[in-house]
Amino acid sequence: RWDCGRAPRELPPLPGGYVLRRYKPADLPDLGELYLATFGPGHDAAWYERSFLASGFFSPDRVAVVAHGGRAVSTALAWEFGGVPDPKRGQLHFVATHPDHHDRGLGKVVSAAVLRWFQGDGRREVGLTTDDHRVRAIRAYRTLEFEPVEDGEDVRRRWANVLAALAAGAQR
């Protein structure tokens, strides 16, 4: 969880040649390619259209995009948990960076842009969900000051494993 009551997040600096902007319809093929590369089969442009563009929640302002050479290479969505609008809480959703553009902080930039969007929308809190094995993403979320929500014994055990993996990675 991330508390929107904090001072607005300063966006991390982008490397040269990268531009932060909002979604444009011409981004769809690039987003399909980067989601497919990030999340695997079934996460292509047609999936993006069905899952997001067709939603009543969709607005270009809710989609942070980092482009390089005119192509979308990183993105994140300002979304609603479970498809239910909540004026107090939002969801950082489907953060992805094309593997050819990893290790440049782009995921942090699009995530921070989404956090700022939620602050501007008057939300109090932003949450997210991710898989335990996405240690790289979890490290980025922790850098952005997300805090774990340990709401059960299973979650506490899983967080202990994730934090151990993060600590082991820090020693490398």
Side-chain angles (χ1 to χ4, degrees), residues 1-4 6 8-15 18-23 27 30-45 47-48 51-52 57 62-68 71-83 89-119 123 125-152 154-172:
R1 131 178 88 223
W2 190 81
D3 179 359
C4 290
R6 298 171 181 200
R9 294 208 57 80
E10 187 173 317
L11 295 176
L14 280 168
Y18 290 88
V19 177
L20 175 65
R21 60 174 173 73
R22 295 296 174 198
Y23 173 85
D27 291 332
D30 296 336
L31 295 181
E33 183 182 319
L34 81 89
Y35 276 116
L36 186 62
T38 302
F39 295 105
H43 295 91
D44 56 11
W47 162 82
Y48 192 88
S51 300
F52 304 116
F57 298 126
R62 286 178 169 255
V63 185
V65 171
V66 168
H68 184 264
R71 298 194 63 195
V73 297
S74 185
T75 189
L77 294 130
W79 216 243
E80 306 293 336
F81 271 105
R89 184 174 188 231
Q91 180 181 20
L92 173 61
H93 201 40
F94 273 95
V95 179
T97 299
H98 195 282
D100 292 347
H101 297 270
H102 278 177
D103 298 322
R104 293 175 175 93
L106 306 181
K108 291 176 193 163
V109 169
V110 293
S111 295
V114 165
L115 296 177
R116 289 176 66 96
W117 187 91
F118 279 121
Q119 285 180 315
R123 306 294 174 104
E125 175 181 293
V126 177
L128 62 87
T129 59
T130 192
D131 297 310
D132 298 15
H133 69 275
R134 297 195 181 279
V135 175
R136 171 193 202 115
I138 294 168
R139 181 176 288 113
Y141 299 138
R142 298 288 286 162
T143 299
L144 291 167
E145 300 176 353
F146 272 86
E147 294 294 328
V149 177
E150 299 180 19
D151 56 359
D154 179 58
V155 175
R156 279 189 280 283
R157 179 188 53 75
R158 291 169 58 201
W159 260 111
N161 292 337
V162 167
L163 293 174
L166 288 171
Q171 295 172 2
R172 287 187 213 158

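This chain uses plain numbering: 1 for the first residue, then up along the sequence. All values below were derived from every heavy atom in this structure, side-chain atoms included, with hydrogens, water molecules and symmetry-related copies excluded.
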Are any non-hydrogen side-chain atoms of Y23 and L77 less than 4.5 angstrom apart? no
Please check if the side chain of [X] supplies one atom and the backbone of [Y] the other of a donor-acceptor pair under 3.5 Å.
X    : Y    : result
S74  : A96  : yes
H93  : E80  : no
W2   : L144 : yes
R123 : R89  : yes
Q91  : G83  : no

Measure the spacing between [atom1] of [X] and [atom2] of [Y] and express it to the nearest 0.5 Å.
X    : Y    : atom1 : atom2 : result
E33  : T38  : CD    : OG1   : 10.0 Å
Y141 : L128 : OH    : CG    : 5.5 Å
L92  : W117 : CG    : CH2   : 12.0 Å

Are T75 and V63 close enough, and set up right, to give a side chain to side chain contact (heavy atoms under 4.5 Å, CB included), and what steps lead you there? CA-CA 7 Å; T75 189; V63 185; 3.4 Å; yes
Pairing of D100 and R71 as salt bridge, 4.0 angstrom limit: no
Salt bridge between E147 and R142, side-chain N to carboxylate O under 4.0 Å? yes
Which pair of heavy atoms, one from [X] and one from [Y], lies closest together, and at what distance?
X    : Y   : value
A64  : L20 : CB-CD1, 4.4 Å
D27  : R22 : OD2-O, 4.2 Å
L106 : V66 : CD2-CG1, 3.9 Å
L34  : A72 : CD2-O, 3.6 Å
P99  : A37 : CD-CB, 3.6 Å
E125 : C4  : N-SG, 3.7 Å

Could you check F52 against W79 for ring pair (Phe, Tyr, Trp, His ring centres under 6.0 Å), going step by step and ending with a plain yes or no? CA-CA 9 Å; F52 304 116; W79 216 243; 5.2 Å; yes
In sequence, state the C-alpha distance, the side-chain angles, and the governing distance for V65 and R21, and then conclude on side chain to side chain contact (heavy atoms under 4.5 Å, CB included). CA-CA 5 Å; V65 171; R21 60 174 173 73; 3.9 Å; yes
Applying salt bridge (Lys or Arg N to Asp or Glu O under 4.0 Å), run through R136 and D103 and close with a yes or a no. CA-CA 10 Å; R136 171 193 202 115; D103 298 322; 2.6 Å; yes
Kindly state whether the ring of W47 and the ring of F94 have centres lying under 6.0 angstrom apart. yes
Describe, in one word, how the ring planes of F39 and Y35 are oriented to each other, choosing from parallel (under 30°), tilted (30 to 60°) and perpendicular (over 60°). parallel
Tell me whether the guanidinium CZ or amine NZ of R104 lies under 6.0 angstrom from the six-membered ring centre of Y18 and within 45° of its axis. no
